[in-house]
Every structure is written in C-alpha cells, then in structure tokens.
Protein chains: 2
Amino acid sequence: MQDVATRAGVSRALVSMAIRGMEGVSAESKALILDAAAELGYRHNAVAAQLAARHSKSLGFFLLDIYNEVFADIFTGLRTRAEARDTRVVLSVGQPSPEAERRHVDGLLTAQVGTVVFAGTMLPDEALEFIARTVPVVTVTRLVPGIDSVACDDYLGGDLATKHLLEAGHRSVAYFGPLAGGLYPDRRNGYRNAMEQAGLQPRVIDAELNQLDAARAATELLQSEHRPTAIFAHNDIMAIGVMEAAAELGLDIPKDLSVIGYDDTRVSRLHRVGLTSVNQQASRLGEIAGDLALRRMNEQGGVAQHTLLTPHLVARSTVGTVS
Amino acid sequence: MQDVATRAGVSRALVSMAIRGMEGVSAESKALILDAAAELGYRHNAVAAQLAARHSKSLGFFLLDIYNEVFADIFTGLRTRAEARDTRVVLSVGQPSPEAERRHVDGLLTAQVGTVVFAGTMLPDEALEFIARTVPVVTVTRLVPGIDSVACDDYLGGDLATKHLLEAGHRSVAYFGPLAGGLYPDRRNGYRNAMEQAGLQPRVIDAELNQLDAARAATELLQSEHRPTAIFAHNDIMAIGVMEAAAELGLDIPKDLSVIGYDDTRVSRLHRVGLTSVNQQASRLGEIAGDLALRRMNEQGGVAQHTLLTPHLVARSTVGTVS
DNA sequence: TTGTATGCGTTATCAT
DNA sequence: ATGATAACGCATACAA
C-alpha cells in the first residue's frame, strides 16, 4: 500500500480511502491511485482490512444441505442483496449432524462474520438465542422468538396440501417428516389439523430428511395392512423417496398412491415426475433474509422482525382422485 | 487472549500455542489455558491469526454452479480431506458469466486463501496460468498445462456413450454441448471420433450448459427434417432438457429417441427418469483435488501433477435399440 | 482534501 | 517449557 501511495505521490491513508471508494478523495487522486495500484499489481488485503476496521461487514451464511435446491435458491436470493451493498458473504455448508452444525457455526464466528443467517438449522431455539447474544442472527425457513426470521407459512402449506388430497377424495392420508427435535412442526400441524377437521385420523410417519430414509419408511408403510391412498411428504426430496419406494413395489402413481411434496423444486417439474408440490418462494425468502441481515449490521438492538410469506400449491400429476 | 493468559497464569504466547494444539506446551498448562478460555468465552480470532501468520492455510474453493450436483459432490470429497488436516475452506459460488467468475476469484484472493481449487471454470487456460503465478491453483474436471489438475477422462466418456448408442443400432446420433470458449472439448471429441470410426457423420449441436437452452436446441432439432434417433448430452442437466423437449413434442423415450447424459446424478437414477449416464467419480475427484491443494500449501514449485480417472457408463432405460 | 500516528489480535523469533 | 516483543497490512481519529 505504501508502494502504491509513493507511486501515486500521495499518502497511505488516501490510498486506503480511494480503494474502498470512500468519499473525500478527489477524482484525479483517485485515478492516479487506481492506476498505480493496477500497475503494481496491488491487491487489497481483506483480512488486514477487517482486523484494522474493528468491526466486520461480512455476512455469514449457513446452509443446511447443499443437495437441497431450496437452500441454493435462498442463497441466490440473499446473494443478490449482499452484492448490491457489496458485502462479502462467507458460506458454510452443513453436514447432517447437529454437532457438525455447531462446528460450522463456530467456524463462521471465528471467521469474524458480522451477522450469521441460517438457511435451515437443526439447532434448538435456545442455541440460536445463545449465538444471537454474540452476533446478530437471522433464521430463514423457521421463526424463532426474539430473532429476526423469515419463513413461509408452513402451517398453511400443510393445510393446503392436505386439503388438496382431501378434495380429491382421499380419506387415508399419511404425513412423512422428521420428528426429531421437534424443529419443524408446522407442516405436520397443518396436516394434522386439516385431517381432524375432516373427521379423519392423522397418521404421522417419522422419517429423516432425506430420500433414502423416506424410501425406507415408505416401503414399510406401503406394505402394511392399511396402506394409505395418499402421502404428503415434508419436502420434495422425501416425496421422491416415497415415489421410488412405490415404484419398487410396483405401485402406480397416481392410480394406487397419490403423493405431494414441498418446495416445488426442479425435479418436481419434470414431465416424467410431475410431482404436485407446495412452493414456498425460496429465493424471495433469501432476499428478505439478506435485507434483514444487512440492516442488522448497522443497527443492532430493537425488536426482532418476523416475516411470513404465503405458500401456494402447484398441482401436477401425482395426485389422483378417489371415489 | 491476554485475559486468558492472565487467568491461566501464563503468557500470551503460550495461550496461542495451546489453542492451536502445537507441541511444546505441557499438558497441565494446556488444560489450564483451555479451561480459562472456556470460562471467559474466549474465541480465537481467525482473521488476526491469519494476518500474523504471514501465510495462509485456508483453501479457496470455487464452484461453477451450485445447482449442479457434480460440484456438490466434488466439494464434499474435497471437504473430507480438508477437515482431516483441519484447514478452513473458503467457498465461492459461481454465476453464469466469465466476468462474475473473475470477480469471485478476486474475492478469494483478497480473502487471502493459500490455494484455490476450481471445480469447473469458464476461464481460459491463460487466465488460470496467470492466477497460478500468484497462488497455487488446482483445477478439477479439466486438465490445464502447467497446473495441478484432476479430471475424469472425458474423451473416453464420450467414446463410451457414443459406442453404447452405436451398439444399440443408432446411426444418427447428435451431440449436445457448449462450444463457446472451446473449454471442454473432450467429450465432444470422443463422440466425434467414435462416430467417424463407425463411418458416421458427427452432428454437434451448440447449446449452453443449462436445461433451458438444451431444451430450446432440442426442440428445434427434433422438429427438423432429419431428426436424430439418439442424443448424447454433455451432462445430465442438458439431457434432462432434451427429455423435456421430447416430452413436449410428444416423443417417446426410448422408442422415438434415445438419450444419454453425463454425471450420473440423482435425478438420472429415478425410476421415472432412468437416464443412462456416464459416471465420472465426482467425489473421488474432489478428494484428489483436496490432497493436491493441501500438498501445494506446503511445497510449492515442482512439476504440475495431472490425474485422470476412468469414467464408466451406467445403462438405464433411455436408450432403445434400432434395427 | 491530505497526511500522521496509533492500534487491531494474533504469530513468530528469540531469549530464558 | 515458558515469556517478551516485533511484526502482519491496514483503518481511522485527528491534525493540518
């Protein structure tokens, strides 16, 4: 930096300001400095800059599962906002275990991010609140008390999906989803409520949040005595697992079994798949989370903001009618 | 850190060594220090640490497309290796434009990563070589002269796929892939060579590396006068685009059209899709890239290492026979 | 609009 | 095995 300053005939401080695009630098000085930097092949050292700045402007983003398109959509949405205010986003990709998740959060914190946004998390509310005492936190996809959150109305989504099945004449509808930790209960509750409203018995099947375990659970259920005529899965990945299991058993969808997923991912849209699903506006969720996080960088304190988007059902061809 | 040292009754230097698990600190001192750190809620500041260390041990990972599962697999493979040698990996997710890619690389470099591995890149060899003069570079999925690289034999993969089609009796086989930049020519060349060997006319269709553009190109080709009986696509995403276009046109796969993809991704394995594809051992690619990158952190210089894995074809149900 | 001085939290060197 | 101290590359308050 000193070399650049010397070459441009100015001080180091001015170089610093010019490079970061601060105001208070004359246009000609700035040009001189930028030229000198380019000629010298100078590269701004972000780590030194952050250390000197005494505060972090970088935004940590934790993403639960890199194989789940929803999180990619959320990331994409958030990135547009971060780029617009040119703040660096430090990505951390989760692994399916709570302890791994703690490690990743720790990594984000030692990387000195200014905020951390969780796109999906297996951490309980208390853990999140604890982290929030250190650094501003925003959660996406889940509303947690006292913490900035954005989500899509899962209860309504569950209601929508279930009623869609009910309207098609189904009476025996099972829900597939993870029970562990009681972390994402709303879709299940929406389902449960809709069933009970219709005077029907809810049937909740506990399965992990991945294709394989959903397939395992479905294989078991579909061979049981009272096989349901429809299954509502917690997300598309699990729904795909159910469909695979059904195919394996020689069951036709939607003739023998109807299936609804959640997330409206690319695979659900394929002609060959045509999975009816619930769209939760993932990229919009990401944008809002980005705005929230960016705001928190500047003004801490104040009351936590909760935003709830509205889901909509996308009907395709995995739901059949039952007389 | 000073507080921790005081509380543990030792010097700052010793705290630094204890926290990083270096040798040369007695077990009892270490225990004392770790306890003090925990009680004080001390968190190691990675940015200060890196600045003081005068060299970076973090590994930059650029991933071309977050929606392409292959890159996720590569990342996963690389991460296992990085974790084993506990080095932090700084992720950078690409956007479909070369200029965006340059920005991302720049971001990695100003973040002071010690190595950068490219999982897919649209940058020309020269640009990569230029970057390699600043920091050790390793490319995955593409072999570039003078730079550590790991890839799977694309030429052989192209050959495998084409011959599979030829053996099923196809004579009119088109290849779908990106021509721009001439960046990934081997699959195409493997195809071309296999066709010519069989005395057939290669038919290369230029399409961008995404589902939509593949679908657009396929819609056009499949309505043309001499419609091919089979299409070999550069990757599964494009193959899916072709299949969607075919479905839209009312063509049956594999009766009216055979399709082969590349990457053997999850979607290709679905019963309803059953896309014949070429597996390129993506996670293994990532592991090797990780090893290469880790090695380069310690010993720079020397000759670049190139590793070429062997692909294999996974036959499913999108290839039909032609008499 | 520009220059100077100070310190950010750590690592590494050297001494003990 | 442990302690003192000089960097690391930059941002920023303050003076000019």
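Sequence lines set the chain letters: A, B, ... in the order given, protein chains first and strands last, and positions in each chain run from 1. Source: prediction; values computed, not measured.
- Atom NE2 in B/H55 sits about 9 Å away from atom C1' in C/dT11, given to the nearest Å.
- Between A/L292 and the choices A/V117, A/V150, A/V137, the side chain to side chain contact (heavy atoms under 4.5 Å, CB included) rule is met once, by A/V150.
- Side-chain atoms of B/R12 come within donor-acceptor range of the base of C/dT10, with a qualifying N/O pair under 3.5 Å.
- Residue A/R20 places at least one side-chain N or O closer than 4.0 Å to OP1 or OP2 of D/dT12.
- Note on B/A13: a base of the nucleic acid sits closer than 4.0 angstrom, heavy atoms only.
- Under 4.0 angstrom from either OP1 or OP2 of D/dT2 there lies at least one side-chain N or O belonging to B/S26.
- In terms of phosphate contacts, A/S16 brings a side-chain nitrogen or oxygen within less than 4.0 Å of OP1 or OP2 of D/dA11.
- One can place CD of A/E23 at 13 Å from P of D/dT12, the figure rounded to the nearest angstrom.
- Comparing B/L14 and B/A53 against DNA chain D, the residue whose closest nucleotide sits nearer the 5' end is B/L14.
- For the pair B/S29 and D/dT2, the criterion of a side-chain N or O lying under 4.0 Å from OP1 or OP2 is met.
- Residue A/I19 contributes atom CD1, which lies 14 Å from atom P of D/dG9 at whole-angstrom precision.
- The local environment of CD in B/Q2 is crowded, with over 12 non-hydrogen atoms from other residues, nucleotides or ligands closer than 6.0 Å.
- Atom CZ in A/R54 sits about 5 Å away from atom C1' in C/dG7, given to the nearest Å.
- Residue contacts shown for A/L51 include a base, since a base heavy atom lies under 4.0 Å away.
- A/V47 comes within contact range of no nucleotide atom at all, as no heavy-atom separation falls under 4.0 Å.
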